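Note that this is a predicted model, so its numbers are computed, not measured. Start at 1 and go down the list; that is how both ligands and their atoms are numbered.
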Amino acid sequence: MKHSEFKKRRKQLMQRIGHGNIALISSASTRTRNRDVSYPFRQDSDFYYLTGFNEPDAVAVFIPGREQGEYILFCHEFDEKKAIWEGAHAGLEGATGDYGADDAFPIDDLDDILPGMLENKSRVFYPMGRSSELDHSLLDWINHIKAHSRSGVMAPGELISLDHILHEMRLFKSPEEIKLMRRAAEVSACAHVRVMQKCKPGLYEYQIEAELVHHFMQNGLRYTAYPSIVAGGKNACVLHYTDNAHKLKSGDLLLIDAGAECDHYAADITRTFPISGRFSEPQKLLYQLVLDAQYAALEYVKPGQPWQAPHDAAVEVLTRGLIGLGLLKGRIKKLIKDEKYKAFYMHRTGHWLGMDVHDVGDYKINQEWRILEPCMVLTVEPGLYIPENCKQVDEQWRGIGIRIEDDVLVTAQGHEILTSGVPKTIIEIETLMQAS
Ligand code: GLY
Ligand code: MN
Ligand code: MN
């Protein structure tokens with residue numbers, strides 16, 4: 001991502017905060033995995049969105065109209081020893097020289113310097129409740145100013161969540177962001193094709209996971225956007241299955257929900273296919289139903305449609321189909337009203353997608369479902385999950401879990417599927433697998 005993009009975002013943020021006010025946000029911290037080993041560091045998405053700064057223990061401050069500079073970054077000072085053990089870090093010079101901060105201070109001086117920056121500001125925008133350390137520090141700093149009110153300084157009177165302003169910005173993707181999302185989607189789609197070709201009975205789920213990660217990394221994408229779900233047979237009925245530890249059996253389906261991250265932007269793809277390359281009849285019937293539900297939902301992904309419309313379309317197709325196959329009994333209207341489909345379809349049809357896999361942005365405005373607009377990106381991911389112990393359905397359906405998930409950009413004309421590189425019709429999947 002170009003530095004000019006981060007600068008543009010900061011400018012937009014400053015305009016929304018307004019003169020006389022201040023915003024602050026802290027970076028993610030490193031987390032201990034065990035003893036002196038940390039989990040891989042992943043920057044907080046909001047913090048990265050505004051700064052492009054990829055180190056822990058930093059705080060960014062935005063003060064519109066401040067004469068000495070509007071953007072201040074607190075971070076670690078450059079330390080030779082740290083550089084030898086842990087590698088490059090920006091230091092104060094890098095914060096201003098490379099990352100565009102107008103001013104930079106050591107993070108250890110935060111408590112001394114920040115109260116002065118809060119003095120005489122009316123409103124403080126910050127990610128309320130996300131970091132208890134920042135929450136507490138902010139109240140301490142404000143109390144510190146109040147204790148000196150006789151000298152004429154004023155403490156801020158309003159604390160406002162930064163989320164709303166920032167997440168509205170993040171919801172609408174710029175051309176630069178779409179480029180990164182396209183790359184994440186394309187590489188992830190190729191990885192799904194690759195595992196369809198490599199899959200065979202007897203492999204373990206984690207060996208398929210290894211193929212996915214191999215493809216992501218070989219193509220320059222080091223990280224997955226979320227833990228990959230590689231679920232053979234009935235494991236597919238566990239929605240967030242990540243054990244990935246079982247042997248793949250001939251005759252079962254394999255559900256894979258996996259996506260790479262490209263410079264902090266996620267892809268999120270699910271495909272379900274037969275481990276041995278051919279769907280059985282019951283698998284075919286349920287699979288086609290999920291696919292029809294996805295096509296129906298996609299019809300409603302266009303500007304002017306409410307957020308809920310693709311979900312409603314998917315639910316209607318699924319419920320009608322479940323009646324047709326004998327898995328639900330009754331009248332469609334009543335079954336939908338009573339949410340009977342939830343026995344087999346218990347999640348929603350999608351979510352916003354961006355720097356976070358379940359990305360930020362309001363789904364309702366003034367209690368009404370939000371209207372889709374160009375440059376929003378969402379997933380469309382209907383599914384059916386028939387629990388193994390579901391006695392009220394015929395045995396042939398039990399233990400089958402299917403989901404089909406694509407990443408979709410809303411365009412002025414309608415939509416563009418970013419993940420269309422991976423097949424999803426029965427014939428396409430069987431043809432690809434049998435040619436391998
Ligand atoms: N991978 C999580 C989801 O599909 O929402
Ligand atoms: Mn998803
Ligand atoms: Mn997914």
Side-chain angles (χ1 to χ4, degrees), residues 42 45 170-171 173 180-182 184-196 205-206 208-209 211-213 215-216 221 223-232 235-244 253-262 264-273 287 290-291 293-295 297-298 300-301 307-308 310-311 313-315 318 342 344-361 363 372 376-385 401-410 415-424:
R42 167 55 158 82
S45 298
R170 281 180 53 188
L171 179 57
K173 273 67 180 178
L180 296 176
M181 294 195 74
R182 220 182 266 291
E186 283 167 4
V187 171
S188 304
C190 272
H192 278 261
V193 172
R194 180 185 156 95
V195 295
M196 272 184 199
E205 292 165 339
Y206 53 76
I208 297 289
E209 182 182 9
E211 291 292 347
L212 293 161
V213 171
H215 189 85
F216 297 162
L221 307 190
Y223 297 107
T224 58
Y226 53 91
S228 306
I229 297 171
V230 182
N235 296 337
C237 297
V238 179
L239 297 180
H240 286 164
Y241 177 81
T242 49
D243 274 358
N244 299 358
L253 294 177
L254 176 60
L255 181 153
I256 298 179
D257 184 344
E261 201 171 72
C262 178
H264 298 80
Y265 286 84
D268 182 9
I269 305 181
T270 309
R271 287 294 184 268
T272 311
F273 56 88
Y287 186 90
V290 176
L291 187 57
Q294 206 217 23
Y295 288 144
L298 284 166
Y300 289 88
V301 180
W307 166 259
Q308 177 76 350
H311 180 67
V315 162
L318 290 173
K342 280 197 174 169
F344 309 117
Y345 181 43
M346 52 297 275
H347 60 77
R348 298 193 56 84
T349 304
H351 49 82
W352 303 129
L353 184 70
M355 299 182 81
D356 294 301
V357 61
H358 296 161
D359 207 33
V360 294
Y363 290 96
L372 297 178
M376 293 172 164
V377 181
L378 59 142
T379 66
V380 179
E381 50 176 308
L384 282 175
Y385 314 89
I402 296 165
R403 178 164 64 256
I404 304 171
E405 174 174 33
D406 282 302
D407 303 344
V408 188
L409 167 69
V410 183
H415 67 251
E416 179 192 340
I417 300 178
L418 302 177
T419 46
S420 57
V422 46
K424 61 185 175 188

May I ask you to check whether His311 and Tyr300 place their ring centers less than 6.0 Å from one another?
no
Residues two or more places apart in sequence or in another chain: which of them pass side chain to side chain donor-acceptor pair (under 3.5 Å) with Tyr345?
Thr349
Do Tyr241 and Asp243 make a side-chain contact, defined as non-hydrogen atoms from C-beta onward lying under 4.5 Å apart?
yes
Heavy atoms, side chains only, cut-off 4.5 Å: are Val290 and Arg403 in contact?
no
Ligand 1: which residues have a non-hydrogen atom closer than 4.0 Å?
Tyr226, Asp257, Asp268, His351, His358, Glu381, Glu405
Can you find a heavy atom in the side chain of Arg348 that is under 4.5 Å from one in the side chain of Gln308?
yes
Sub-3.5 Å donor-acceptor pair from the side chain of Thr379 to the main-chain atoms of Glu381, do we have one?
no
Does Tyr363 have any ring-ring contact (aromatic ring centres under 6.0 Å, His included) partners at least two apart in sequence or in another chain, and if so, which?
Trp307, Trp352
Sidechain N-carboxylate O distance under 4.0 Å for Glu261, Arg42
yes
Could you check whether Asp257 pairs with Arg271 (Lys NZ or Arg NE/NH1/NH2 to Asp/Glu carboxylate O, under 4.0 Å)?
no
Under 2.8 Å from the Mn ion (ligand 2), which protein N, O or S atoms are there? Could you list them by chain and number?
Asp268 OD2, His351 NE2, Glu381 OE2, Glu405 OE2
